[in-house]
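Right, one structure below, let's go through it.
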Amino acid sequence: MRRAVVLSTGAYLPERIMTNEEMESIVETKHDWIVERTGIHQRHIAADGQVTSDLGVHAGMEAIARAGVPADSIDLVILATTTPDDTMPSTATKIQHRLGITKGAAFDVNAACSGFVYAMTVANSFIVSGAAKRVLVIGAETYSRILDWSDRGTCILFGDGAAAVLLDAQEGKGGNDDRGVLHSAIHSDGQYTQLLATNGGVSSTMTSGKMFMVGKEIFRHAVTKMPAAVEEGLNALQLSLSAIDWVVPHQANKRILHGVGQKLQVSDDKVVVTVTKHANTSAASIPLALHAASGDGRIQKGHLIVCPALGAGLTWGCTILRW
Ligand code: UT7
C-alpha cells in the first residue's frame with residue numbers, strides 16, 4: 001500500500017518579535033493576563049512588504065534542502081493559508097515557481113486554522129491514489145494583516161509564520177507499523193461561520209476584512225472536537241489512546257492544548273507546545289510544531305503522532321502519522 005511518508009520539514013518565522021509588553025502599548029492588556037489565559041509570551045510579525053509567499057518559500061526551501069531531493073521531483077504543492085498574497089493567482093503557484101518546481105500542480109486550501117490538516121488530507125489522497133508522488137505541503141500565514149489591532153480579544157492571540165512538510169510516496173505493508181500518514185480526516189459545520197470570521201471579503205466588501213471571534217464558544221468547540229477527531233482516527237485504525245507518542249495539535253491557546261491532552265489521557269510532556277513563542281499562526285502552527293519537535297529530537301522515526309486542529313468554518317479534523 002502506498003503511504004505518504006514525511007521526508008523532511010522546514011520552517012520560517014519573520015525576524016521581528018512582538019512581546020506581550022509591546023502589546024500593552026497597543027491595546028489595554030497585561031503580559032500576565034495574556035500568559036495566564038493563553039500561555040503566549042510573544043509572536044513574530046512579518047516585515048512591511050513581506051508577504052505570505054515569502055514566508056512559504058523560505059519554509060519550502062528548507063524542507064527541500066533537508067530532504068536532499070531535486071525541487072523538480074515535486075509534483076504537487078499545496079499551500080494552506082487564509083492570508084494569500086493576492087486574490088489571484090493562488091499563492092501556491094507563486095511559491096511553486098520561486099522554488100523552481102516546473103511540473104505538476106499547485107493550489108491553495110483555505111480552512112483557516114484547520115488548513116494544515118485539510119492540506120495533509122488532500123495530499124494523502126493524491127499520494128494513496130497514485131495521482132502524485134512527492135507533495136510539498138506548506139502552511140503559511142500573515143494574520144497580522146487581518147487582525148483588528150483595536151480588539152484585545154483577538155490581536156494578542158495571533159502571529160505570522162510558515163512551515164513545510166515534504167511527503168513522499170513509499171510502499172508500506174498496509175498496517176499501523178507503516179511509516180507515513182495512517183489516517184487523515186476532515187469535517188466542517190457551516191452553522192458556526194459567525195463564531196470566527198472576517199467582517200468582509202473580496203465579493204462582499206471588496207476588502208480582506210478584519211477578524212472577529214466569539215472566543216469562549218470557539219474554546220468550547222476546540223476542547224471537544226479536537227480530541228473527538230483524534231479518537232475517531234484511532235478507532236478507525238483500531239489503536240488505543242496509549243499508542244500515541246506525541247500530540248501535536250493546532251496551537252491556539254495553552255489551556256486548550258492542556259484540555260486536549262487531558263481528554264486523550266496524555267501527560268503534558270507528550271503535548272508539543274509552541275504557542276508560547278509563536279502564538280497562533282493558524283495553518284502554519286502544526287507544521288511549525290512538528291518542525292520544532294522533530295528538530296530537537298523529541299519526535300523520532302517510528303513515533304505515532306496525532307495532529308488535531310479546529311478553525312473558522314467551523315472546520316476541524318485530525319491527521320495521524322507514523323514519523
Ligand atoms: O485557532 C482557533 C481560534 N482561536 C481559538 O481557539 C481561541 C479560543 N478562545 C480563547 O483562547 C479564549 O476564549 C480567549 C483567550 C480569547 C479569551 O479567554 P477567556 O478566558 O475566554 O476570557 P473572556 O473572553 O471571557 O474574557 C474575560 C475578561 C473580560 O473582562 P470582563 O468582561 O470579565 O470584565 C474581557 O474583557 O478578560 C477581558 N479581556 C482581556 N483583558 C486583558 C479580554 N481580552 C483581554 C486582553 N487583556 N487581551
Side-chain angles (χ1 to χ4, degrees), residues 18-43 80-83 110-119 139-144 146-161 163 186-189 192-198 210-229 247-261 263 271-276 278-289 307-318:
M18 186 188 278
T19 61
N20 290 345
E21 283 79 10
E22 191 179 347
M23 201 57 87
E24 289 178 10
S25 67
I26 300 172
V27 284
E28 200 187 326
T29 191
K30 282 271 170 276
H31 166 78
D32 290 348
W33 188 96
I34 300 174
V35 172
E36 190 195 312
R37 295 297 179 117
T38 72
I40 296 166
H41 286 249
Q42 61 173 54
R43 69 287 293 142
T81 190
T82 326
T83 46
N110 177 347
C113 298
S114 308
F116 180 71
V117 172
Y118 268 63
E141 302 278 17
T142 48
Y143 262 51
S144 60
I146 60 164
L147 291 176
D148 174 352
W149 286 96
S150 66
D151 175 14
R152 66 179 183 172
T154 52
C155 73
I156 56 135
L157 295 172
F158 292 86
D160 301 333
I186 51 176
H187 300 281
S188 63
D189 188 345
Y192 299 117
T193 51
Q194 291 311 299
L195 291 186
L196 176 51
T198 55
K210 297 290 181 194
M211 184 199 297
F212 64 88
M213 175 172 71
V214 186
K216 269 199 186 318
E217 285 293 302
I218 293 289
F219 194 106
R220 195 173 56 78
H221 284 286
V223 293
T224 52
K225 288 186 167 60
M226 290 212 281
V247 183
V248 188
H250 167 54
Q251 307 280 317
N253 180 323
K254 202 174 174 186
R255 287 189 295 142
I256 294 177
L257 304 188
H258 177 70
V260 170
K263 284 219 167 130
V271 181
V272 177
V273 177
T274 51
V275 70
T276 46
H278 303 163
N280 180 345
T281 56
S282 192
S285 88
I286 292 177
L288 274 167
C307 304
L310 177 127
L314 290 179
T315 55
W316 68 97
C318 180

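Worth knowing before you read on, the calculation uses all heavy atoms, side chains too, and leaves out hydrogens, waters and symmetry mates. This structure is a prediction, so every number in the text was calculated from the model and none was measured. As the structure lists them, so they are numbered: ligands from 1, and atoms in each ligand from 1.
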Under the 3.5 angstrom rule, does the side chain of Y118 hit a backbone N or O of H187 as a donor-acceptor pair?
-> yes
List for me each residue that meets side-chain contact (heavy atoms from CB on, under 4.5 Å) alongside V271, sequence neighbours excluded, and say none if there are none.
-> V247, P249, L257, V266, V273
Spell out, as yes or no, whether a donor-acceptor pair under 3.5 Å connects the side chain of Q251 to the backbone of V272.
-> yes
With distance as the sole test, does T81 use its side chain to make a donor-acceptor pair with the main-chain N or O of A140 at under 3.5 Å?
-> yes
The answer, listing residues by chain and number that come under 4.0 Å of ligand 1 through any heavy atom, is E28, T29, W33, R37, T38, C113, R152, G153, I156, L157, L196, M213, G215, K216, I218, F219, H250, A252, N253, R255, I256, N280, L310
Using a 3.5 Å cut-off and no angle test, enumerate the donor-acceptor pairs between side-chain atoms of residues 20-30 and protein atoms at least two apart in sequence or in another chain.
residue: N20; atom: OD1; partner: R43; partner atom: NH1; Å: 2.9
residue: N20; atom: OD1; partner: R43; partner atom: NH2; Å: 3.0
residue: N20; atom: ND2; partner: H31; partner atom: ND1; Å: 3.2
residue: N20; atom: ND2; partner: I40; partner atom: O; Å: 2.7
residue: E22; atom: OE1; partner: R16; partner atom: NH2; Å: 3.2
residue: E22; atom: OE2; partner: R16; partner atom: NH2; Å: 2.3
residue: E24; atom: OE2; partner: H31; partner atom: N; Å: 2.8
residue: S25; atom: OG; partner: E22; partner atom: O; Å: 2.6

Residues passing the side-chain hydrogen bond (donor to acceptor under 3.5 Å, both in side chains) test with S282, sequence neighbours excluded, are E141, Y143
